[in-house]
Amino acid sequence: DVQLVESGGGSVQAGGSQRLSCAASPSPNSNRCMTWFRQYLGKQREAVTGIDTSRAITYYSDSVKGRFTISQDNAKDTVYLQMDTLRPEDTAMYYCAAHVSCPDIARMTRPGWYNYWGQGTQVTVS
């Protein structure tokens with residue numbers, strides 16, 4: 001099984017920055033589609049940003065465009081989420097998810113597409 005381990009969450013002031021990491025267990029064929037979701041209390045998970053690591057295709061939700069950046073380090077099997085100009089409304093639990101492929105943006109952004117999830121990391125912006 002693929003294991004995803006997130007790190008980097010915590011508390012930050014509005015306007016500040018934070019970087020989340022998602023380290024995947026080494027598996028060359030399992031992690032081509034990696035996406036960050038966030039979940040507000042009592043709400044469903046929503047896609048924030050995703051990347052097709054085999055084609056370097058990325059997705060950003062409108063709410064984070066220009067502020068968040070997703071990147072990959074294939075040598076470390078790790079995907080990063082750099083979050084800048086954070087706002088209180090970015091406060092949520094953040095999860096990374098992995099799937100073997102990203103056929104299209106619709107599936108990349110759908111929580112049900114993914115079969116591997118990290119444990120989540122809380123980001124609090126005040």
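Here the structure is a predicted model, which is why all the values come from computation and not from measurement.
Around atom CD of Q3, no more than 12 heavy atoms belonging to other residues, nucleotides or ligands sit under 6.0 Å away.
Between F37 and Y114, the two ring planes are perpendicular [angle over 60°; tilted spans 30° to 60°].
D84 and S17 share a side-chain donor-acceptor pair at under 3.5 Å. Side-chain atoms of Y94 and R38 include a donor-acceptor pair closer than 3.5 Å. Using modelled atom types, one finds a donor on one side chain and an acceptor on the other under 3.5 Å when comparing R45 with Q39. Side-chain atoms of Y59 and T109 include no donor-acceptor pair closer than 3.5 Å.
You'll find the side chain of T78 stays beyond 4.5 Å of the side chain of Q72, heavy atoms only. Looking at I70 and V79, their side chains come closer than 4.5 Å, going by heavy atoms from C-beta outward. No side-chain heavy atom of C96 sits under 4.5 Å from any side-chain heavy atom of Y116. Counting heavy atoms from C-beta on, the side chains of Y60 and R67 never come closer than 4.5 Å.
Scanning both residues, R55 and C102, for their nearest heavy atoms gives NH2-O, 2.9 Å. Taking each heavy atom of R32 and V100 in turn, the nearest pair found is CB-O, 3.1 Å. Nearest heavy-atom pair, A47 versus S61, reported as atom, atom and distance to 0.1 Å: O-CB, 3.6 Å. Summarising the geometry of M108 relative to I57, their closest heavy-atom pair is CE-O, 4.2 Å, with the distance given to 0.1 Å. Residues L4 and M34 come closest through the heavy atom pair CD2-CE, 4.1 Å. N115 and H99 make their closest contact through OD1-CD2, 3.7 Å (heavy atoms, listed as atom of the first residue, atom of the second, distance).
Put simply, the side chain of W36 never gets that close to the backbone of C22: no donor and acceptor are under 3.5 Å apart. Judged by distance alone, the side chain of E6 and the main-chain N or O of G120 form a donor-acceptor pair under 3.5 Å.
Salt bridge annotation for D90-R87: absent, with no cationic side-chain nitrogen under 4.0 angstrom from a carboxylate oxygen.
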>> For a side chain to side chain contact (heavy atoms under 4.5 Å, CB included) check, start with the C-alpha distance between T121 and Y95, then their side-chain angles and the critical distance, and finish with the verdict.
In response: CA-CA 7 Å; T121 185; Y95 297 89; over 6 Å; no
